[in-house]
**Student:** 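Dropping a structure here in structure tokens format, bear with me for questions.
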There are 2 protein chains.
Amino acid sequence: MTDPDVRASIMRATYEALCEHGYTELTAQDIADRTDKSKSLLFYHYDSKEDLLADFVEFLLERFDDRVEETRDLPPVERLATFVDWFLYGPGEDDRQSFHTAILELRTQAPYNERYREKLRKSDDQLRDTLEEILRDGLESGEFREHDPEETAALLIAAFDGARIRQLTIDRDEYLEQVRSATVTWVFDDLLAEDASFPAERHPRTLPEGDEENRLAADFGTRDADAERGEAADEETNADNAGGADTDETNDAEARDGDGLEDDEPGDGDAGDRG
Amino acid sequence: MTDPDVRASIMRATYEALCEHGYTELTAQDIADRTDKSKSLLFYHYDSKEDLLADFVEFLLERFDDRVEETRDLPPVERLATFVDWFLYGPGEDDRQSFHTAILELRTQAPYNERYREKLRKSDDQLRDTLEEILRDGLESGEFREHDPEETAALLIAAFDGARIRQLTIDRDEYLEQVRSATVTWVFDDLLAEDASFPAERHPRTLPEGDEENRLAADFGTRDADAERGEAADEETNADNAGGADTDETNDAEARDGDGLEDDEPGDGDAGDRG
DNA sequence: CCGCCCTGACTAACTAGTCAGTTAGTGACC
DNA sequence: GGTCACTAACTGACTAGTTAGTCAGGGCGG
């Protein structure tokens, strides 16, 4: 993979395909269909589908890094609140939902796939380091009471991840609000010194405009592409650009500055290859 | 499915096959191979593979119900401690691990599969009801301080589920201990009235004998079957009883009283069918 | 004319589900 | 006690559909 534009275009196509089909039903053809190139080209650039998906996870990590960087200047309490909101957004943002559903499927393959596992571990490191950094900063500045940042970080990540997973898988939206509320009660209110109280959600459940919920889609041009594509799609066995996703110039520009892919909360993995 | 013995035998085979292959790589043949019957019979008893798996989840729920019932007499604090241990067992119990890994894969299919989603929701109800009951009992008896049992239950389930998932997927065992410890610090220590302190883990990380970790396997005869089976297995395309799992009399007896399948912490689901 | 990007057509492997037919059991009737 | 009718349980062989990955070659810029 030499050309970064080609990569960006494949990554975008992969993102869209994942949203529409989920991970297990994702085929190489699905990805190619969202490109103006053929399926064969995917195997020209990548040795296997797994290879491609692993690169996609890598791509996600780069994005996540950038997002974390943006918050570095905020005071600990604000940063912590932002962190919470990354996880406990929505519900009601369909593209994000279906994307995270797909990523969750991918995560559950990690125990059987060392490549995925490795990437997801890296992601877990990033996430935990970030959160621990926030907590330590708060300790140093005296905004937070004495506590064990490592354990607390583990608890928060596990709780938020668990809430999201249950919301996605059993469609129980109440987990998001309840876990947020319980976390504030049991953890944040104690964490903060006497007078302070933990700030409320940034993007409240009722979004002011259709603004925030379009970020992801907009960054990747998903919505537009969907609209344009409409029917047309495919007639039998042609993998050509019927579903062409974008005009070529906007392609790399968009992909480069839009930040897409909210949180990616990596999973983890274990075990060896299957029998 | 009229004959309960046949069902039990299929359930056992499904359990074993799931442990060995995981959910996504599970084939009808894999299940049949762990039976002394043919693959065709599975489709005689069930309309589809999905049908069979849905029944398997149902089967799991029945088991879980029984387990919950067993703890009903314990005082709230004890029950709560037992509950924690159900989730945060191990690591190091390989059969449980691989089983839960497989079930996690199944859970992530729930967003695309109404049948699974429905069953998993039922399981979620059971779990939450149980935990809320424990918390309310503790409130009534004065053992627990004032709090919101619903929110607290959501937090605990999400945190434990999240910890387990991260342990399974990225193979980060530390989540189990850290989340347990953080939960005791932030939640249980506050929950309990002044003097009391939350009891330690029942089956400590270093198991006294090889006793507890064999429960699951023993109940289903996994270990023995594995050992007996050894090589032999299959030569080309015969689905006969080369891997016969048990002598026929022991079959139903075992399946009937052994309780197998520890916790099953159901996930949830959403969305519609795939495109 | 070389080498890179790219493609359509193909295949090899796999697997859910079907189907025509066999076997074993049960009861009824002589 | 024999045999006939009927049925539920069961099977091996087969099919239809799917999809990752290959390959021989086309075009084109330098």
Side-chain angles (χ1 to χ4, degrees), chain A residues 1-10 13-14 17-18 21-56 109 112-113 115 234-244 248 251 274-275, chain B residues 1-10 13-14 17-18 20-56 109 112-113 115 234-244 248 251-252 274-275:
Chain A
M1 178 56 57
T2 47
D3 188 343
D5 288 356
V6 174
R7 184 187 182 228
S9 138
I10 294 177
T14 304
L18 274 173
H21 299 275
Y23 174 84
T24 44
E25 299 231 321
L26 179 74
T27 69
Q29 190 63 59
D30 291 329
I31 298 175
D33 285 349
R34 285 164 181 76
T35 287
D36 56 351
K37 302 295 162 52
S38 77
K39 187 187 69 157
S40 305
L41 189 68
L42 297 181
F43 292 101
Y44 173 76
H45 286 302
Y46 294 97
D47 285 342
S48 67
K49 189 179 149 192
E50 180 199 315
D51 225 51
L52 193 164
L53 269 307
D55 189 44
F56 182 70
Q109 291 310 301
Y112 310 108
N113 185 320
R115 309 271 295 289
D234 46 359
E235 14 211 299
E236 286 311 299
T237 33
N238 65 346
D240 50 47
N241 63 342
D248 283 314
N251 187 12
R274 291 148 184 273
Chain B
M1 177 59 58
T2 48
D3 188 344
D5 289 355
V6 173
R7 184 187 183 229
S9 137
I10 294 178
T14 304
L18 274 173
E20 279 196 39
H21 299 273
Y23 173 84
T24 44
E25 299 232 320
L26 179 74
T27 68
Q29 191 63 59
D30 291 329
I31 299 175
D33 286 349
R34 285 164 181 75
T35 287
D36 55 351
K37 302 295 164 51
S38 76
K39 186 187 70 158
S40 306
L41 189 68
L42 297 181
F43 292 102
Y44 174 76
H45 286 302
Y46 295 97
D47 285 341
S48 66
K49 188 179 150 192
E50 180 199 315
D51 225 51
L52 193 164
L53 270 306
D55 189 45
F56 182 70
Q109 290 310 300
Y112 310 107
N113 185 320
R115 309 273 294 287
D234 46 358
E235 13 210 301
E236 285 311 299
T237 34
N238 64 348
D240 51 46
N241 63 342
D248 282 315
N251 186 11
D252 47 35
R274 291 149 183 274

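The structure displayed is predicted, hence computed values, not measured ones. Sequence lines set the chain letters: A, B, ... in the order given, protein chains first and strands last, and positions in each chain run from 1.
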**Student:** If every non-hydrogen atom of B:Gln109 is compared with every non-hydrogen atom of B:Tyr23, which pair is closest and at what distance?
**Tutor:** CG-CE2, 3.5 Å
**Student:** Nearest whole angstrom, please: distance from the C1' of C:dC5 to the CD1 of A:Ile10.
**Tutor:** 12 Å
**Student:** Quick one, give me the B/S/- string for nucleotides 14-22 of chain D, reading 5' to 3', where B means a protein heavy atom under 4.0 Å from the base and S means that only happens at the primed atoms, P, OP1 or OP2.
**Tutor:** -----SBBB
**Student:** Atom pairs, N/O to N/O, protein against nucleotides 25-30 of chain D, distance under 3.5 Å?
**Tutor:**
none

**Student:** Counting N and O atoms only, with roles assigned by atom type, does the side chain of A:Thr14 sit under 3.5 Å from a partner on the main chain of A:Ile10, one being a donor and the other an acceptor?
**Tutor:** yes
**Student:** Over how many whole Å does the gap from B:His21 atom NE2 to C:dC14 atom P extend?
**Tutor:** 13 Å
**Student:** Rounded to whole Å, please give me the gap between CG in B:Asp33 and P in D:dT11.
**Tutor:** 12 Å
**Student:** Rounded to whole angstrom units, what separation is found between the CG atom of A:Leu41 and the P atom of C:dC4?
**Tutor:** 15 Å
**Student:** Any side-chain N or O of B:His45 less than 4.0 Å from the OP1 or OP2 oxygen of D:dC10?
**Tutor:** yes
**Student:** Is there a side-chain contact between A:Ser48 and A:Asp51 (heavy atoms, below 4.5 Å)?
**Tutor:** yes
**Student:** A:Ala32 and A:Ser38: which non-hydrogen atoms are nearest, and at how many Å?
**Tutor:** CB-C, 3.9 Å
**Student:** Under the salt bridge (Lys or Arg N to Asp or Glu O under 4.0 Å) rule, collect the residues that match up with B:Asp30, sequence neighbours excluded.
**Tutor:** none
**Student:** Is A:Tyr44 close enough to C:dC5 that one of its side-chain N or O atoms is under 4.0 Å from OP1 or OP2 there?
**Tutor:** yes
**Student:** Given atom CG of B:Leu53 and atom P of C:dG17, what is their separation to the nearest angstrom?
**Tutor:** 11 Å
**Student:** Hey, are the side chains of B:His21 and A:Tyr112 touching, using non-hydrogen atoms and a 4.5 Å cut-off?
**Tutor:** no
**Student:** Okay, side chain of A:Lys49, backbone of A:Leu26: is any donor-acceptor separation there less than 3.5 Å?
**Tutor:** yes
**Student:** Given atom CG of B:Asp3 and atom P of C:dG25, what is their separation to the nearest angstrom?
**Tutor:** 14 Å
